[in-house]
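Working notes for the structure below.
All values reported here derive from a predicted model rather than from experimental measurement. Both backbone and side-chain heavy atoms feed into the values below; hydrogens, waters and symmetry mates do not.
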Amino acid sequence: MSSKDIAIKLAEMLNDKKAEDIVVIDIAEKSSFADFLVVASGTSDRHIESLIDDVEVLAAKDGFTTKGVEGKNGTGWILIDLCDVIVNVFSREMRTKYNIEKVWADCEMTRVEE
C-alpha cells in the first residue's frame with residue numbers, strides 16, 4: 001500500500017469516526033520528512049485521543065509502524081508519525097491557531113467530506 005493510499009484510508013476512517021474538516025495534504029515535493037499530512041479536528045480531548053488510537057490500530061493492521069506520537073492529552077493537538085504519513089488531530093481552537101493548511105497552501109489538498 002502506498003503512502004497516498006494509507007493517507008486516504010486514514011482520512012476516510014477519521015471521517016467514519018466523526019472527525020471534522022479532514023484534509024489530506026500532498027507535501028512530497030516540498031518536504032524531506034514525509035509525503036502526506038492528514039489533518040483533522042476532534043470535538044473534545046477524549047475524541048482526539050480516541051481518533052489517534054484508531055489511527056494507530058489501522059496503521060498497524062496495514063503494516064505501518066508508528067515512529068512516534070507527540071502531544072499530550074488535553075493539549076488540543078496530537079500528532080502521530082507513520083514515517084511517510086503524519087496525522088495531526090487538533091481541537092478546533094488549536095487548528096485555528098496553528099493553521100497548518102496555510103503553511104502548506106502551495107501543496108495539493110484533498111478534502112474528505114461526510
Quiz prompt | Under 3.5 Å side-chain donor-acceptor pair for Ser50 and Asp53 | solution = no
Quiz item: With no hydrogens and no angle check, is any side-chain donor or acceptor of His47 less than 3.5 Å from a backbone partner on Lys17?
Solution: yes
Exercise. Look up atom CD1 in Ile22 and atom CG in Asn15, then write down how far apart they are to the nearest 0.5 Å.
Key: 4.5 Å
Quiz item: Quick one: CG on Leu14 to CD1 on Ile52, what's the gap to the nearest 0.5 Å?
Solution: 7.5 Å
Self-check item: Flag, side chain of Thr66 to backbone of Gly68, donor-acceptor distance under 3.5 Å
Solution: no
Quiz item: Can you tell me if Arg92 and Ser41 form a side-chain donor-acceptor pair at under 3.5 Å?
Solution: no
Quiz item: Is a side-chain N or O of Asp62 found less than 3.5 angstrom from the main chain of Phe64, in a donor-acceptor match?
Solution: no
Quiz prompt | Asp21 bridged to Arg111 by N-O distance under 4.0 Å | solution = yes
Quiz item: Considering the options Asp84, Ile6, Val85, which one meets the side-chain contact (heavy atoms from CB on, under 4.5 Å) requirement together with Asp35?
Solution: Asp84
Quiz item: Within the side chain of Thr65, is there an N or O that forms a donor-acceptor pair under 3.5 Å with the backbone of Lys67?
Solution: no
Quiz prompt | Electrostatic pair Asp26-Lys4, nearest N-O below 4.0 angstrom | solution = no
Quiz item: Once you round to the nearest 0.5 Å, how far does CD of Glu29 lie from CG of Asp106?
Solution: 11.0 Å
Self-check item: Rounded distance (nearest 0.5 Å) linking atom CD1 of Ile27 with atom CD of Glu108
Solution: 13.0 Å
Quiz item: If you round to the nearest 0.5 Å, how far is OG of Ser44 from CG of Leu51?
Solution: 8.5 Å
Quiz item: Hey, does Glu70 have a side-chain heavy atom less than 4.5 Å from the side chain of Asp81?
Solution: no
Exercise. Taking all non-hydrogen atoms of both residues into account, name the closest pair between Thr43 and Glu20 and its distance.
Key: CG2-OE2, 3.4 Å
Exercise. Can you measure from CD1 (Ile8) to CG (Asp5) and round to the nearest 0.5 angstrom?
Key: 8.0 Å
